[in-house]
Amino acid sequence: MTSFQSDFLKTLSERGFLHQISDPEGLDAACLKGPITGYIGFDCTADSLHVGSLLQIMMLYWLNASGHRPIALMGSGTTRIGDPTGKDESRKVLSAEEIQHNKDGISRNFLPFFQFGTGPTDPLMVDNADWLLKLNYVDFLRDVGRHFSVNQMIGRDSVKLRLEREQHLSFLEFNYMIFQAYDFLELSRRHGCVLQMGGSDQWGNIVSGVELGRRADNAALFALTSPLMTTASGAKMGKTAAGAVWLSPDRLSPYDFWQFWRNAEDADIERFYKLYTVLPLGEIAGIIAGDINEAKKRLATEVTALVHGRAAADQAAETARATFESGALDLSLPTVEVPSAEFEAGIGLLAALVRAGLAQSNGEARRHVQSGAVRINDTVAADEKALISTVTLLTEGVVKLSVGKKKHTLLKPV
């Protein structure tokens, strides 16, 4: 492994962020010479980022913390095309209104990490729609398309794997690589950006941008990727049985976000501390050397504090302590409001579990009941035909539904 001299690459290397760099020595020298500008792109396919994107945000964070300027590139333009990387089918075509809604939501995910400004090292947020939507197709083909080899494009993983699986790849998606490369060229011209970062599955697309910069402007650009994140058991990072682990609190409560990290596998804890917290490595080593369960709680609190703020993290930790250690009913547990009329009529247990987000379907809810995992107000529910009604309400005016020992939701009539 290269012995880096710059704070930025030294930090990324020590904390486990590095997978590939197009020119390690050249990038290290550029970082030492003075502040550089680097970016990561985020397409607007949902109204929140999820934990899979948190690694990319942390890379931008460390770039800024090392004295450089990060750019969070919103992909309103490229979202209209769809990135084929890792996909077996075309993405759903979104309307301009849906894309704007998603962009607004994603933009908020960055606010806990960055204060955007106009200073030489202040983080920037820009949108590739600013240039992509203004392109003249014929001029673009002549000025940019001529630098691309179709032979090389079909050899890139984002295209090659799709073709090998004999899955449909539209000409629209085939262009994605060119537009991503053009983003890098535009950011180089507009903001002096010399570095594009991303996940390892983006390597081919990023390198295409490096090559385009060299051919079009004789610019020295760099590519850097992080490892594809999976848990110790091989599961894709940020994916659970209940779905994606979202960063927006209206998609996933801070409490449930905290629980995701609390439930991490033992073998992942040290790696997660290095990647997803800003604690010094020496402090991390001390935490890992102690009790593993306490280390998990601290991990959960530190990551939740980064994403949702310290107050929300401390509240989530206290809610968990009250729920699991003291056995008390904590009214700050995730709560789903239900019209009083439905409570009075009675809600079937299976439907209530789905309503509470504790099961994805009635079938899954039924399996939870049959396995003895479901509790109503901390009492095992053995009858899948049971009703949740006003009779079930606790004195606090809520019904506590649980699946297993760690998933709890309150139903509250309104």
Side-chain angles (χ1 to χ4, degrees), residues 1-42 53-73 110 113-114 119-124 126 156-157 180-181 183-229 270-285:
M1 180 178 288
T2 303
S3 178
F4 296 109
Q5 302 302 310
S6 65
D7 289 343
F8 174 56
L9 291 182
K10 191 181 299 182
T11 297
L12 259 57
S13 178
E14 291 173 345
R15 299 184 81 100
F17 284 93
L18 296 184
H19 181 66
Q20 290 173 291
I21 306 177
S22 57
D23 177 5
E25 293 78 13
L27 179 57
D28 198 31
C31 290
L32 283 171
K33 188 176 180 181
I36 68 164
T37 299
Y39 89 98
I40 299 177
F42 301 86
S53 300
L54 184 56
L55 186 77
Q56 314 306 322
I57 295 176
M58 295 305 298
M59 292 169 74
L60 292 175
Y61 171 88
W62 287 116
L63 182 68
N64 196 215
S66 302
H68 306 288
R69 179 172 61 168
I71 296 178
L73 178 65
F110 291 90
F113 296 88
F114 304 111
T121 61
D122 285 346
L124 293 177
V126 297
R156 301 293 194 203
D157 283 347
Q180 183 172 333
D183 283 345
F184 201 174
L185 183 64
E186 276 290 327
L187 290 173
S188 170
R189 291 171 173 175
R190 292 172 179 239
H191 301 291
C193 183
V194 299
L195 171 65
Q196 183 183 172
M197 300 183 289
S200 58
D201 58 344
Q202 290 291 321
W203 177 253
N205 289 353
I206 298 175
V207 168
S208 293
V210 171
E211 294 174 352
L212 176 61
R214 176 177 56 80
R215 291 170 181 162
D217 289 357
N218 196 31
L221 305 182
F222 303 95
L224 184 156
T225 61
S226 58
L228 187 63
M229 288 303 297
E270 183 174 6
R271 182 167 59 117
F272 286 177
Y273 262 103
K274 291 178 179 179
L275 293 172
Y276 299 109
T277 80
V278 297
L279 297 178
L281 295 179
E283 185 174 350
I284 291 173

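One-based numbering along the sequence shown. This is a predicted model, so every value here is computed, not measured. The figures here come from the full heavy-atom set of this structure, side chains too, leaving out hydrogens, waters and symmetry mates.
In this structure, the side chains of I284 and T277 come closer than 4.5 Å at one or more pairs of heavy atoms. Two residues are said to be in side-chain contact when any heavy atoms from C-beta on lie closer than 4.5 Å; P70 and P123 meet this criterion. Between L73 and F42 the shortest side-chain heavy-atom distance does not fall below 4.5 Å. Between V278 and W62, the closest side-chain pair of non-hydrogen atoms falls below 4.5 Å. The shortest side-chain heavy-atom distance between H68 and L195 does not fall under the 4.5 Å cut-off. Between M58 and F113 the shortest side-chain heavy-atom distance falls below 4.5 Å. L124 places a side-chain heavy atom less than 4.5 Å from the side chain of R69.
For the atom pair CZ of F272 and CG of L55, the computed distance is 10.0 Å after rounding to the nearest 0.5 Å. The line from CG of L60 to CZ of F110 is 6.5 Å long, rounded to the nearest 0.5 Å. To the nearest 0.5 Å, the span separating CD on Q196 from OG on S22 amounts to 10.5 Å. Separation of atoms CD1 (I21) and CZ (F222) is listed at 10.0 Å; rounding is to 0.5 Å. One finds the CZ atom of R215 at 12.5 Å from the CG atom of L185 (value rounded to the nearest 0.5 Å). Considering CG of L9 and CG of L63, their distance stands at 9.5 Å, rounded to 0.5 Å.
Using a distance-only test at 3.5 Å, with no hydrogens or angles considered, a donor-acceptor pair links the side chain of S208 to the main chain of G204. Formation of a donor-acceptor pair under 3.5 Å by the S188 side chain with backbone atoms of F184 is not found in this model. No side-chain donor-acceptor contact under 3.5 Å links D23 to the backbone of L27. Side chain of R271 to main chain of R15: no donor-acceptor pair is present (N/O by atom type, distance under 3.5 Å, no hydrogens or angles).
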Criterion side chain to side chain contact (heavy atoms under 4.5 Å, CB included) on T37 and V194, from CA distance to verdict:
CA-CA 6 Å; T37 299; V194 299; 5.9 Å; no

Going through the checks in order, is the side chain to side chain contact (heavy atoms under 4.5 Å, CB included) test met by D183 and Y39?
CA-CA 10 Å; D183 283 345; Y39 89 98; 4.0 Å; yes

Side chain to side chain contact (heavy atoms under 4.5 Å, CB included) evaluation trace for H191 with E186
CA-CA 8 Å; H191 301 291; E186 276 290 327; over 6 Å; no

Taking it one step at a time, do Q5 and D28 satisfy side-chain hydrogen bond (donor to acceptor under 3.5 Å, both in side chains)?
CA-CA 7 Å; Q5 302 302 310; D28 198 31; 5.5 Å; no

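Among the candidates M197, Q20, Q56, the single residue satisfying the side-chain contact (heavy atoms from CB on, under 4.5 Å) test with S226 is Q56.
Under a 4.0 Å N-O distance rule, the pair K10/E14 does not qualify as a salt bridge. Salt bridge status for R189 with D217: present, with a side-chain N to carboxylate O gap under 4.0 Å.
Closest heavy-atom contact between L275 and F17: O-CZ, 3.3 Å. Considering every non-hydrogen atom in both S6 and C31, the closest pair reads CB-CB, 3.5 Å. Here the closest non-hydrogen pair linking F4 and L18 is CE1-CD1, 3.6 Å. In terms of heavy-atom proximity, T121 sits nearest to P35 at CG2-CB, 3.9 Å. The shortest non-hydrogen separation linking G213 to L221 is CA-CD1, 3.8 Å.
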